[in-house]
Amino acid sequence: MNYVSTRGGTKKYSASEAVIRGLADDGGLFVPEYIPSLDIPVSMLAGMSYKETAYEVMKLFFTDYSEEELKRCIDNAYDSKFDTGVIAPVVKRGDSFYLELFHGRTIAFKDMALSILPHLLTCALHKNNIKDKVLIMTATSGDTGKAALEAFADIEGTKIIVFYPKGGVSRIQERQMVTQKGSNTKVVGVTGNFDDCQSAVKRMFSDPALGEELAARGYRFSSANSINIGRLIPQIVYYVYSYAQMVDRGYIQENDKLNFTVPTGNFGNILAAFYARQMGIPIGKLICASNVNKVLYDFFQTGTYDKNRDFILTSSPSMDILISSNLERLIYHSLGDDAAANAALMNDLAQKGSYTVAGTSGKYLDVFEGIYATEEQVSDTIRSVYESCGYVIDTHTAVAAYADGIYRQKDDTASVIVSTASPYKFMSSVLGAIDAGLVSDDDFAMAEELSKLSKVPVPAAVTKLKDAAILHDTVCTVEGMKEQVRGFI
């Protein structure tokens, strides 16, 4: 399996080379030359563990990793750092199914892929006889940052710098990042929004002069964002695994259609579901759930992607995104893997802030259904789910739960709501929706109240923050981000 850029170029890369590079030289994203078909039936997957399922999926994409290497990466990633043996359980609450992806060390779904990325990367460096150190540079809308820092902290031969929008993440998300230990870590708040951070990071990846500076100091760039194929492919696993769980537990029959409703910002998570569908998992519709930054909803309604709009800070900050990077991969595939046509659209986005996928050229777009939730609808959903069945969900999951309820009014196909974060990451919003009297300035007092409501113990990810020292307090402008990188190396 080779990888190519969504924007052209004749060079092909092995999986390990694509993992190391993160982003293609032309600014495009790496995609597999074709989407492989699963070579094992669902009936067999239904009896497999998460690790076993991960190997069956990843071996088809990471073909230059030996069986021993890949299984070692999987074993090191999916271990006791998860607080449930199932890793990614599907739970039935009321009349809805939730795929819980927040049982890792940082209580967000990013743990599912970032737990394995350092192992894939260090193995790739060894395989390709690369002696350079790797500088992981990542922009985060809240969750990727902490998960990446946790994954790469003190990993030999790497440094990691994370940029986040100052004031644009929850208090717990920020505290998780700025208390991060590790001699190779750096966290920088940016006086801008997530799109500003992400765009600046992409520009630095493609800056030849900065690349030469890094090389002179013995470093090369890579990314822990879902623009890295080593981050995206592992996300396919939990869609395959959850479908098999639904079959194994008798909720659906093998070959029945199953819809997934995914809270969506940068489009990586829902794109992984699309890849699972293309591999042969009988997924019906993919409901793309947005908050009021509804650029994706508008795109699926009209075929025009337009980022020229106000950026709105919401209670679901990981979805406060107007440039959904991974959508480029879907556009590339929808255009029949036409890199030139895709590059033209991405140039329109860069120059005009918008592009249009005309007519039937978007052959996969009808797989997706866009639905968005207002802040009031998010709050109402958190409260109604709690009152109906005692289940406490976070704000991002609530966006998806609302969208799922809307879509199920016209389609009775079984569906799974993808739950991407623990409610403990967004306590003010969650408690405010259930009982405003429980909201306070004391995060740890709110954690105890949330524990009483949910009957779920306060996660270690929260309790250990109480006495954690602030280790990162740098704030810079968007223009100052490059100097932060230079200073770090």
For residues R175 and S170, determine if any side-chain heavy atom of one lies less than 4.5 Å from a side-chain heavy atom of the other.
no
Given K71, which of E67, E68, E69 fulfils the side-chain hydrogen bond (donor to acceptor under 3.5 Å, both in side chains) condition?
E67
For K127, is there an ion pair with D64 - N to carboxylate O distance below 4.0 angstrom?
no
Give a yes or no on this: more than 12 heavy atoms of other residues, nucleotides or ligands lie within 6.0 Å of atom NZ of K466.
no
Is the F300 ring parallel, tilted or perpendicular to the F368 ring (thresholds 30°, 60°)?
parallel
Q173 and K146: side chain donor to acceptor below 3.5 Å
no
Find the distance between CG (L135) and NZ (K186) and round it off to the nearest 0.5 Å.
11.5 Å
Could you give the distance from OG1 (T264) to CG (N293), rounded to the nearest 0.5 Å?
13.0 Å
Interatomic spacing from OH in Y243 to CG in L258 - rounded to 0.5 Å:
6.5 Å
Looking only at non-hydrogen atoms, find the nearest pair between V399 and N291 and report the distance.
CG1-N, 4.1 Å
To check you understand the geometry: which heavy-atom pair defines the closest contact between L286 and I283, and what is its length?
CD2-CG2, 3.7 Å
Any idea how F426 and H396 line up, ring-wise: parallel (<30°), tilted (30 to 60°), or perpendicular (>60°)?
tilted
Checking the side chain of T144 only, and the main-chain atoms of T140 only, is there a donor and an acceptor separated by less than 3.5 Å?
no
Between the main-chain N or O of S16 and the side-chain N or O of R21, is there a donor-acceptor pair closer than 3.5 Å?
no
Without swapping roles, check the side chain of S454 against the backbone of V456 for a donor-acceptor pair under 3.5 Å.
yes
To the closest 0.5 Å, what do you measure between SG (C476) and CD (E483)?
10.0 Å
Between the main-chain N or O of S451 and the side-chain N or O of K455, is there a donor-acceptor pair closer than 3.5 Å?
no
Is it the case that over 12 heavy atoms from other parts of the model lie below 6.0 angstrom from the NZ atom of K11?
yes
Side-chain heavy atoms of L120 within contact of L70, under 4.5 Å:
yes
Check the side chains of N225 and N266 for a donor-acceptor pair under 3.5 angstrom, ignoring hydrogens and angles.
no
Would you confirm whether T179, through its side chain, and A469, through its main-chain N or O, come within 3.5 Å as a donor-acceptor pair?
no
Do T397 and S419 have a side chain donor and acceptor closer than 3.5 Å?
yes
Do N228 and S223 have side-chain atoms, one donor and one acceptor, less than 3.5 Å apart?
no
Is the ring pair Y50/Y78 parallel, tilted or perpendicular, if the boundaries are 30 and 60 degrees?
perpendicular
